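Bear in mind that the values here come from a model prediction, so they are computed numbers and not experimental data.
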Amino acid sequence: RPSDGTFFSPPPPPLNPRPPFPSRFQPSLGLLAYLGGGEALSQVQVGDSRLFAQAGSVGFLLWRSVYLTKQVSVRTRVLVLFDWLKTQLFGRDVTRL
């Protein structure tokens with residue numbers, strides 16, 4: 001009979017029975033999120049203590065500065081800066097060939 005529970009199987013075993021390995025990652029330094037239109041969210045933290053949180057154009061300035069510092073070579077930094085300057089002067093190129 002279906003009401004006595006004979007059709008149900010026992011619960012499945014845990015997916016990972018081993019204990020989790022110790023993390024090799026550093027604690028979070030915060031977050032940066034580009035929102036578009038010259039605005040971004042930024043939060044700088046060390047471990048669990050928040051040092052700085054900002055939204056809007058100040059967050060956007062921080063986002064751009066971190067983005068530039070993460071570029072590998074000077075050539076890439078110059079190209080990114082030039083591209084940002086072109087976008088400010090002439091707008092985005094939305095044409096398709």
Side-chain angles (χ1 to χ4, degrees):
R1 295 181 351 209
S3 62
D4 62 2
T6 56
F7 293 107
F8 297 110
S9 63
L15 293 177
N16 189 4
R18 293 177 287 173
F21 59 90
S23 177
R24 297 180 300 220
F25 300 108
Q26 297 294 325
S28 173
L29 296 176
L31 62 90
L32 294 169
Y34 177 64
L35 300 175
E39 294 187 351
L41 300 174
S42 63
Q43 177 181 329
V44 179
Q45 66 187 36
V46 177
D48 289 334
S49 63
R50 184 185 303 177
L51 301 177
F52 178 81
Q54 194 65 269
S57 57
V58 176
F60 181 64
L61 182 64
L62 183 62
W63 183 88
R64 278 205 168 173
S65 62
V66 169
Y67 188 86
L68 269 182
T69 5
K70 292 286 188 178
Q71 300 303 313
V72 178
S73 68
V74 175
R75 177 182 182 268
T76 311
R77 288 180 187 160
V78 169
L79 287 173
V80 168
L81 277 171
F82 184 68
D83 190 45
W84 287 345
L85 181 65
K86 279 190 323 186
T87 304
Q88 285 297 316
L89 292 176
F90 304 112
R92 292 180 55 199
D93 183 19
V94 292
T95 59
R96 293 187 183 208
L97 300 177

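- V78 and V66 are members of different hydrophobic clusters when ILVMFWY side chains are connected at heavy-atom separations under 4.5 Å.
- L32 and F52 fall within the same hydrophobic cluster, defined by Ile, Leu, Val, Met, Phe, Trp and Tyr side-chain heavy atoms under 4.5 Å apart, directly or through other members.
- Hydrophobic clustering keeps V44 apart from L31 (ILVMFWY residues linked when any side-chain heavy atoms are closer than 4.5 Å, directly or through intermediates).
- For the residue pair T76 and Q71, the shortest heavy atom distance occurs at CG2-OE1, 3.0 Å.
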Between L62 and Q54, does a side-chain contact (heavy atoms from CB on, under 4.5 Å) hold up when you go through it step by step? CA-CA 9 Å; L62 183 62; Q54 194 65 269; over 6 Å; no

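- In this structure, L41 belongs to a hydrophobic cluster whose other members, linked by side-chain heavy atoms under 4.5 Å apart, are L35.
- Here the side chains of D83 and K86 are in contact, with some heavy-atom distance below 4.5 Å.
- A continuous path of ILVMFWY side-chain contacts below 4.5 Å connects V80 to F60, so both sit in one hydrophobic cluster.
- Following chains of ILVMFWY side-chain contacts shorter than 4.5 Å, one can reach F90 starting from L85, so the two form part of one hydrophobic cluster.
- Here CH2 of W84 is found 14.5 Å from CG of L89. Values are rounded to the nearest 0.5 Å.
- Heavy atoms of other residues, nucleotides or ligands lying less than 6.0 angstrom from OH of Y34 number more than 12.
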